[in-house]
Amino acid sequence: MRIATWNVNSVRARLPRILPWLEEKRPDVVLLQEIKCLDEQFPREPIEELGYNIETFGQKTYNGVAILAKSRITDVQRGMRDDVEDRESRVITATVEDVMLVNVYVVNGQEVGAPAYEKKLEWLKRLRKLMWEQYMMTEKVVMAGDFNVTFDDRDVYDPEAWREKILCSSLEREALLRVMDAGLKDAFRKHVEEGGHYTWWDFRTRAWVGDHGLRIDHFLMSAPALRACTAVEIDRDARDGEKPSDHAPVIATME
DNA sequence: ATGGTGGGTTCCCCA
């Protein structure tokens, strides 16, 4: 089974890139973030024609997540279903075959110290609670998506310039590690030691041209899922060319 | 001190 995660930055604007990519890569499961549309606006037909089942948790203008899968999608949950109201569509969970999927679009945070930054830290606390309370790490659990957090300097093209900046601050990194202490590991680092592998390049600074990227899209896996994971690859080709998203897809291969 | 680009709204917000 191959599972992809991709922040598409509007599923409707990105459809000319998404459809040929699905045809070429044929992943078994795709976790999409920032679909930026309501459920009823999601372009279901052309994706269904390629053989995918679809579950969405949409929102007008901002955020929105979706799961595509060739196999049946069961146990779908929209939001964290805790005692806090989900005002934004940032999490959709489901089961496909023997894999429990958690698709997340983590709050960006804008800048360190901003109200959005505090919201990000609070949101990650909620996510941690979800993983502790609703998952058994003896199962194959795959949490993936846009985490808007780097793990360490290896994930940053210019670590000194980004030191304690948004996406790279110690508090964000600690909050992400706390989500993972339920029993999740960064699957990319099972396979790749060296730095310089990125998943996001800012449009505003034309970061793609100089490969000024950050690695903020991740696969976090429970031990049984990690054992089955034989590769995690970043599809840089999808970030190139005409009207790309600012994120590259990441594809995990499970034996 | 704060731009730059891109997407979706609505005359601006968020990334």
Side-chain angles (χ1 to χ4, degrees), chain A residues 5-21 30-44 46-47 56-66 79 86-92 103-124 127 144-150 155-158 160-169 171-173 175-176 198-218 234-250:
Chain A
T5 178
W6 194 4
N7 178 325
V8 289
N9 187 18
S10 170
V11 69
R12 291 176 294 174
R14 211 64 55 218
L15 210 55
R17 296 300 303 264
I18 294 172
L19 294 177
W21 180 84
V30 185
L31 309 178
L32 299 176
Q33 303 88 37
E34 278 207 275
I35 62 172
K36 288 188 170 178
C37 66
L38 296 165
D39 292 333
E40 58 266 34
Q41 296 171 319
F42 192 93
R44 299 185 67 91
I47 294 172
T56 62
F57 184 32
Q59 182 185 330
K60 189 181 174 186
T61 310
Y62 304 118
N63 313 312
V65 285
D86 273 296
R87 305 181 75 250
E88 299 183 330
S89 300
R90 294 182 175 276
V91 182
I92 184 169
N103 179 14
V104 301
Y105 174 48
V106 175
V107 176
N108 173 284
Q110 292 185 346
E111 62 177 311
V112 174
Y117 180 74
E118 301 303 324
K119 188 176 117 182
K120 179 179 198 172
L121 297 176
E122 287 302 312
W123 195 89
L124 285 167
L127 189 63
D146 176 2
F147 288 81
N148 273 316
V149 182
T150 55
D155 298 339
V156 185
Y157 78 91
D158 185 350
E160 293 316 316
W162 283 86
R163 188 74 63 208
E164 293 303 331
K165 297 289 198 302
I166 195 68
L167 315 179
C168 300
S169 73
L171 284 179
E172 292 165 77
R173 287 175 174 174
L176 177 56
Y198 312 128
T199 65
W200 171 78
W201 298 259
D202 199 339
F203 284 132
R204 289 168 288 189
T205 52
R206 298 186 177 89
W208 176 248
V209 179
D211 196 21
H212 295 170
L214 301 179
R215 191 174 72 94
I216 57 175
D217 301 84
H218 305 300
I234 301 164
D235 179 12
R236 293 175 59 98
D237 292 342
R239 177 62 179 79
D240 209 355
E242 283 289 300
K243 291 241 171 220
S245 168
D246 47 352
H247 294 253
V250 186

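Not measured: the values here are computed from a predicted model. Per chain, numbering begins at 1; letters A, B, ... match sequence-line order. Keep in mind that the numbers below use all heavy atoms, side chains included, and drop hydrogens, waters and symmetry copies.
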### Message
As a quick check of understanding, evaluate side chain to side chain donor-acceptor pair (under 3.5 Å) for Arg239(A) and Ser245(A), giving each step before the final call.
### Response
CA-CA 6 Å; Arg239(A) 177 62 179 79; Ser245(A) 168; over 6 Å; no
### Message
Does dG7(B) have its OP1 or OP2 closer than 4.0 Å to a side-chain nitrogen or oxygen of Arg14(A)?
### Response
yes
### Query
Rounded to the nearest Å, what distance is computed from the CG atom of residue Asn108(A) to the P atom of nucleotide dG6(B)?
18 Å
### Task
Would you mind reading off the distance between Glu242(A) atom CD and dG6(B) atom P, rounded to a whole angstrom?
11 Å
#### Entry: Presence of Arg17(A) side-chain N/O under 4.0 Å of dG6(B) phosphate oxygens OP1/OP2
no
### Query
What do the steps show when you test Asp246(A) against Trp201(A) for side chain to side chain donor-acceptor pair (under 3.5 Å), and what is the final call?
CA-CA 6 Å; Asp246(A) 47 352; Trp201(A) 298 259; over 6 Å; no
#### Entry: Any Lys243(A) side-chain nitrogen or oxygen under 4.0 Å from OP1 or OP2 of dG7(B)
yes
### Task
Let me know the distance between CD of Glu34(A) and P of dG6(B), rounded to the nearest Å.
15 Å
### Message
I want to verify a distance call: between dT9(B), dA15(B), dT5(B), whose nearest atom is closest to the Phe203(A) side chain?
### Response
dT5(B)
## Note on the structure
note: Arg239(A), atom CZ; dT5(B), atom P; distance rounded to Å ~ 14 Å
### Salt bridge Glu122(A)-Lys119(A), side-chain N to carboxylate O under 4.0 Å
no
### Query
In whole Å, what separates the C1' atom of dA15(B) from that of dG3(B)?
15 Å
### Nearest-angstrom distance from the residue atom CG of Asp202(A) to P of dG3(B)
14 Å
### Message
Looking only at the side chain of Arg206(A) (C-beta and beyond, no hydrogens), which of the listed nucleotides dA15(B), dG7(B), dG4(B) gets closest?
### Response
dG4(B)
### Task
State whether Asp211(A) and Arg236(A) are salt-bridged, where the test is any N-O pair (Lys NZ or Arg NE/NH1/NH2 against Asp/Glu carboxylate O) under 4.0 Å.
yes
### Nearest-nucleotide comparison on DNA chain B, the residue closer to the 5′ end among Cys37(A) and Asn63(A)
Cys37(A)
### Message
In this structure, how many angstroms lie between the P atom of dG7(B) and the CG atom of Leu15(A), rounded?
### Response
13 Å
### Query
Rounding to the closest angstrom, what is the interatomic distance between dC13(B) and dT9(B) at atom P?
16 Å
### Query
Mapping Trp200(A) and Lys36(A) onto DNA chain B by nearest heavy atom, which one lands closer to the 5' end?
Lys36(A)
### Query
With sugar-phosphate meaning primed atoms plus P, OP1 and OP2, does Thr61(A) contact a base, only sugar-phosphate, or nothing at under 4.0 Å between heavy atoms?
sugar-phosphate
### Query
If you measure from the C1' atom in dC14(B) to the same atom in dT10(B), how many Å do you get, rounded?
14 Å
### Task
Select one nucleotide: of dT9(B), dC13(B), dA15(B), the one nearest the side-chain heavy atoms of Tyr62(A).
dC13(B)
### Query
Whole Å only: how far is the CZ atom of Arg204(A) from the P atom of dC13(B)?
15 Å
### Task
Describe, in one word, how the ring planes of Phe147(A) and His218(A) are oriented to each other, choosing from parallel (under 30°), tilted (30 to 60°) and perpendicular (over 60°).
tilted
### Summary
note: Asn9(A), atom CG; dC13(B), atom C1'; distance rounded to Å ~ 13 Å
